[in-house]
Amino acid sequence: MATIERVYKCKDAEMVIAISVITENASVSAVKTFLISKKPIWADPFFPNLKTKIDLAVQTYLGADNAKALRLATQALLSIEANAFHDLANFKLGIEVDYVADKKRLKEILLQLGFTTYNTKAKQGNQESLIALLFQFKTNMTNTLQTELTTKGSSGTLITAIIAYANTLKAADVSQETFKGTRKTATAAAINEFNSCYTLAIGVCKIARKYYKDQADIKDQFSFSKVLKALSSNAKNEPAPPVAPQ
């Protein structure tokens, strides 16, 4: 009997989160209306049915707990990841300007808030590093440090927003614990269903990327490889504990 091969080259859990994010991107009202105008067969209930199909595949073949994790992970990633990267970058740039005459203090702050340890990997799409950075930022952003930073020129509102991202991610359990727990053995039926979900989502990606070719921000939302990279969580070790406040 011939072995059934996966049509995607990543872990099952990573694939289903990625196509779930892509399906959510396609379900945004204006995008959905535009895509349906190009592909009428995608009119309702196509996208709601695809969401249900993905969720059911996860629940059936990866376990009920993982179906819940899928929904929570997708929700959290869609709601805060892009904003978190944007705000962290703006914060870092701001203090680099504010402390241009005090490089030693700047270095201390970047280390204390997690940028030195985690920022590079976080920008490369390592989700664990992003979570670790956000939590070290939250843990070590003392009232004294916040007062120092805002006096120098940082936005208190921006600092508060970054701290809130850590709470959102933790509540959604999208750290490396995602998809741990009960995991069922992959079967031919499981691979067939995952392949089916993937193929439908990739079809959406191909059409969307063609028609949004001049709008890079939307086009990238339908790149499986880019979405997968953003979800990457390949670190083998737990993040190091936060550095104690100085």
Side-chain angles (χ1 to χ4, degrees), residues 4-36 38-39 41-42 46-62 66-67 69-86 121-131 169 172 174-176 178-179 183 186 190-235:
I4 298 175
E5 300 289 342
R6 290 172 174 81
V7 295
Y8 47 90
K9 296 180 179 180
C10 59
K11 296 178 181 178
D12 296 337
E14 293 172 340
M15 185 278 290
V16 291
I17 292 181
I19 63 172
S20 184
V21 170
I22 289 166
T23 304
E24 291 290 347
N25 291 340
S27 299
V28 173
S29 181
V31 175
K32 180 179 174 181
T33 299
F34 178 75
L35 291 177
I36 291 172
K38 302 300 180 183
K39 190 86 169 172
I41 197 172
W42 288 348
F46 178 83
F47 290 112
N49 283 351
L50 181 53
K51 291 181 189 179
T52 300
K53 179 180 176 68
I54 295 168
D55 190 75
L56 184 59
V58 173
Q59 183 171 341
T60 302
Y61 299 111
L62 293 180
N66 287 326
L70 168 67
R71 291 191 296 272
L72 293 175
T74 302
Q75 178 184 354
L77 287 162
L78 287 171
S79 65
I80 70 96
E81 191 171 49
N83 289 336
F85 278 121
H86 180 269
K121 286 188 176 180
K123 290 193 299 184
Q124 292 172 347
N126 187 301
Q127 191 182 11
E128 290 176 7
S129 294
L130 173 61
I131 292 169
L169 276 174
V174 295
S175 69
Q176 67 182 154
T178 299
F179 288 105
R183 185 182 288 275
I191 296 172
N192 270 331
E193 187 59 20
F194 287 143
N195 282 346
S196 175
C197 291
Y198 174 83
T199 300
L200 286 170
I202 289 301
V204 173
C205 288
K206 289 178 179 178
I207 298 295
R209 285 177 61 79
K210 175 181 179 180
Y211 287 107
Y212 281 112
K213 62 182 180 181
D214 296 323
Q215 299 181 55
D217 55 335
I218 300 179
K219 179 183 177 183
D220 287 350
Q221 294 176 17
F222 295 97
S223 167
F224 180 81
S225 61
K226 290 184 178 181
V227 171
L228 186 64
K229 183 179 179 181
L231 298 172
S232 176
S233 181
N234 295 321

Option among Asp12, Thr199, Ile19, Val7 that satisfies the side chain to side chain contact (heavy atoms under 4.5 Å, CB included) test with Phe194 = Asp12
ask   = Rounded to the nearest 0.5 Å, how far apart are CD of Glu24 and CD of Gln221?
value = 11.5 Å
inquiry  = Just to verify, what does Asn49 make a side chain to side chain donor-acceptor pair (under 3.5 Å) with, not counting sequence neighbours?
reply    = none
By side chain to side chain donor-acceptor pair (under 3.5 Å) - contacts of Ser27 (at least two apart) = none
key: For Thr52, all residues meeting side chain to side chain contact (heavy atoms under 4.5 Å, CB included), sequence neighbours excluded   = none
ask   = When rounded to the nearest 0.5 angstrom, what is the spacing between OG1 in Thr33 and CG in Leu35?
value = 9.0 Å
note = NZ of Lys51 to SG of Cys197, rounded to nearest 0.5 Å, is 14.5 Å
key: CG-NZ distance between Leu228 and Lys9, expressed to the nearest 0.5 angstrom   = 13.0 Å
key: Contact check, side chains of Asn192 and Ile4, non-hydrogen atoms, under 4.5 Å   = yes
inquiry  = For a quick test of reading the model, state the closest non-hydrogen atom pair linking Val227 to Asp220 and the distance between them.
reply    = CG2-O, 4.2 Å
note = Interatomic distance, CD1@Ile17 vs CD1@Ile22, rounded to 0.5 Å, equals 12.0 Å
From CD1 (Ile54) to OG (Ser196), nearest 0.5 Å = 10.0 Å
Donor-acceptor pairs under 3.5 Å, side chain of residues 203-210 to any protein atom, not counting sequence neighbours: which ones?
{"unit_1": "Arg209", "atom_1": "NH1", "unit_2": "Lys219", "atom_2": "O", "d": "3.4"}

Lys32: salt bridge (Lys or Arg N to Asp or Glu O under 4.0 Å) partners, not counting sequence neighbours = Asp44
ask   = Can you find a pair of side-chain heavy atoms, one from Asn195 and one from Arg6, that are under 4.5 Å apart?
value = yes
inquiry  = According to ring pair (Phe, Tyr, Trp, His ring centres under 6.0 Å), does anything in residues 203-228 pair up with another residue at least two apart or in another chain? List the pairs.
reply    = Phe34-Tyr212, Tyr198-Phe224
